[in-house]
Amino acid sequence: MTSPASGTDTAAALPDYAPVPKSAYGPALNEQGYYVGRVERNLYWVTDGSYQCAFLTTKDGVVLFDAPPSIGGNIRRAVDEIASANGVSNKVTHLVYSHHHADHNGASSLFDKNVIRIGHEETKRLLLRDNDPARPAPEETFADRRTLKIGGERIELAWRGTNHSPDNIYIHFPDHDALMLIDIVNPGWAPISMCNLSEDIPGYVAAPAIALDYPWKHFIGGHVGRLGTRDDVTLHQQYMADMDASIRKALVSVDPTPFFQKYGDNPWAAVSALFDAWTDAGAAPIIEKYTGVIAAADVYTRSTVFWVMESIRLDLGFASYVHP
């Protein structure tokens with residue numbers, strides 16, 4: 001165990017970061033550690049300050065959208081709270097998966113086996129592969145688009161290509177002025193490591209424009225403690241566009257020669273140092289511009305710059321030179 005003295009020493013050695021803008025914070029959590037609020041009419045969202053999910057109350061029961069394990073049993077408490085207050089059924093009849101990742105659906109097994117689980121066909125394939133009892137595979141799937149009509153409510157599901165993951169979908173609530181798109185934009189906050197750990201960076205970068213093509217006012221992004229707005233998505237786009245431009249400038253301005261001269265017969269050391277130099281040069285102006293504008297821009301921009309840089313090099317072929 002860590003002694004109090006050594007723990008204090010460790011804390012003192014940790015880096016300091018810029019204050020979080022007040023605009024990044026959401027509503028206070030209750031004593032159980034969650035907040036549940038109305039999005040529009042009978043669409044609600046739940047957060048623990050880090051993760052989010054949503055649910056619709058209908059005349060036939062509750063439709064749940066994702067089940068993050070960090071919220072866990074508080075999802076049930078939030079549903080019960082709203083159902084009791086509104087005098088409607090608290091029975092969860094359907095659970096829609098945004099994508100297969102455990103951090104957003106690892107509490108799926110808390111709900112009745114009779115719940116109808118719905119997701120993209122790739123979500124089913126990946127969950128069957130992963131064989132995680134906490135995430136039963138969806139019984140109902142779709143390929144590109146599906147309209148759900150449950151309890152008099154309409155939900156539009158669409159797969160618009162890979163982005164954060166191969167199966168991540170757009171969940172549109174046309175009668176509730178809302179869009180749910182997970183792990184793309186963290187409203188008010190920078191993406192965490194490597195574009196929210198996204199697998200397809202060109203798809204990740206393109207996703208906000210697709211999101212903005214939908215009509216909506218309320219954005220459920222799956223992370224942080226507040227809902228998003230169209231301005232949040234637009235700010236994220238600008239952050240990523242500025243990052244792209246800064247990375248391209250770094251790739252053509254930092255000379256690789258000294259790194260290979262220094263490390264001679266150890267090319268991995270040369271490549272590591274060069275990557276660090278490219279990343280630092282690409283990240284510095286973005287951190288300077290967005291610190292205080294987007295929370296944690298000084299914490300996570302560098303890792304995202306590295307991942308976007310590798311996509312610009314490898315996916316897009318920028319600054320790729322053919323030996324004569």
Side-chain angles (χ1 to χ4, degrees), residues 11 14-15 17-39 43-55 64-79 81-82 95-111 132 134-135 163-165 168 171 178-199 204 207-208 211 218-229 232-233 235-236 239 290-291 293-304 307:
L14 293 173
Y17 293 109
V20 173
K22 291 183 179 179
S23 60
Y25 289 116
L29 307 181
N30 63 19
E31 293 181 356
Q32 287 78 33
Y34 72 91
Y35 170 84
V36 58
R38 191 190 307 272
V39 179
L43 175 64
Y44 296 86
W45 70 296
V46 188
T47 183
D48 62 357
S50 294
Y51 280 84
Q52 303 173 358
C53 62
F55 62 90
L64 178 63
F65 301 88
D66 280 354
S70 71
I71 305 178
N74 280 334
I75 300 172
R76 177 78 268 171
R77 295 181 186 96
V79 169
E81 175 184 335
I82 295 301
L95 197 167
V96 177
Y97 289 141
S98 65
H99 65 305
H100 72 287
H101 284 163
D103 63 328
H104 289 278
N105 279 295
S108 173
S109 62
L110 294 181
F111 295 89
D132 179 4
R135 292 173 290 156
N163 45 64
H164 168 67
S165 66
N168 201 29
I171 304 171
L179 181 76
M180 185 170 181
L181 176 61
I182 303 303
D183 281 333
I184 301 295
V185 178
N186 302 337
W189 292 76
I192 65 164
S193 295
M194 300 181 294
C195 298
N196 289 334
L197 301 174
S198 291
E199 298 179 43
Y204 172 88
H218 312 287
F219 182 81
I220 305 166
H223 281 286
V224 305
R226 70 169 175 85
L227 294 175
T229 66
D232 287 318
V233 177
L235 178 60
H236 172 88
Y239 172 76
Y290 286 95
T291 295
V293 178
I294 297 177
D298 57 332
V299 181
Y300 272 124
T301 293
R302 192 180 184 281
S303 71
T304 291
W307 205 229

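From a predicted model like this one, the values you see are computed outputs, not experimental measurements.
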### D232 side chain vs T229 backbone, donor-acceptor pair below 3.5 Å
yes
L64 and C53 have their tightest heavy-atom pair at CD1-SG, 4.4 Å
In this structure, CD of Q32 is separated from CD of E81 (nearest 0.5 Å) by 8.0 Å
Rounded to the nearest 0.5 angstrom, the CZ-CZ distance for F219 and R226 is 11.0 Å
* Ring centres of H99 and F65 under 6.0 Å apart? -> no
Correct closest heavy-atom pair for P69 and A102 would be CD-O, 3.3 Å
Residues Y239, T301; criterion side chain to side chain donor-acceptor pair (under 3.5 Å); working and verdict: CA-CA 10 Å; Y239 172 76; T301 293; 2.7 Å; yes
One should read off an interatomic distance between Y204 OH and T304 OG1, to the nearest 0.5 angstrom, of 6.5 Å
Side chains of I182 and D66, heavy atoms from C-beta outward: is any pair under 4.5 Å?
yes
- Taking everything shown except W307 itself, do over 12 heavy atoms lie less than 6.0 Å from its CH2? no
Check: D132 and S109 side chains under 4.5 Å, non-hydrogen atoms:
no
- For Y97 and S108, does a side-chain donor sit closer than 3.5 Å to a side-chain acceptor? yes
Exercise. Taking atom types as modelled, find out whether D183 and H223 have a side-chain donor-acceptor pair closer than 3.5 angstrom.
Key: yes
Do the side chain of W189 and the main chain of A24 share a donor and acceptor less than 3.5 angstrom apart? yes
The reported gap from CD1 in I184 to NE2 in H164 (rounded to nearest 0.5 angstrom) is 7.0 Å
Check: Do Y51 and D103 meet the criterion of a side-chain donor-acceptor pair at a distance under 3.5 Å?
Finding: yes
Output for pair (I82 CD1, L43 CG), nearest 0.5 Å, gives 11.0 Å
In terms of heavy-atom contacts, G225 and T47 come closest through CA-OG1, 3.8 Å
Using only heavy-atom distances, determine whether the side chains of Y35 and Q52 contain a donor-acceptor pair under 3.5 Å.
-> no
- Distance only, no hydrogens: is a donor on one side chain within 3.5 Å (strictly under) of an acceptor on the other, for S165 and N168? no
When rounded to the nearest 0.5 Å, the distance separating CE of M194 from CD1 of I192 is 9.0 Å
Looking only at heavy atoms, the pair that brings A296 and A190 closest together is O-CB, 3.8 Å
Practice item. Report yes or no: do D48 and S70 form a side-chain donor-acceptor pair below 3.5 Å? Key: yes
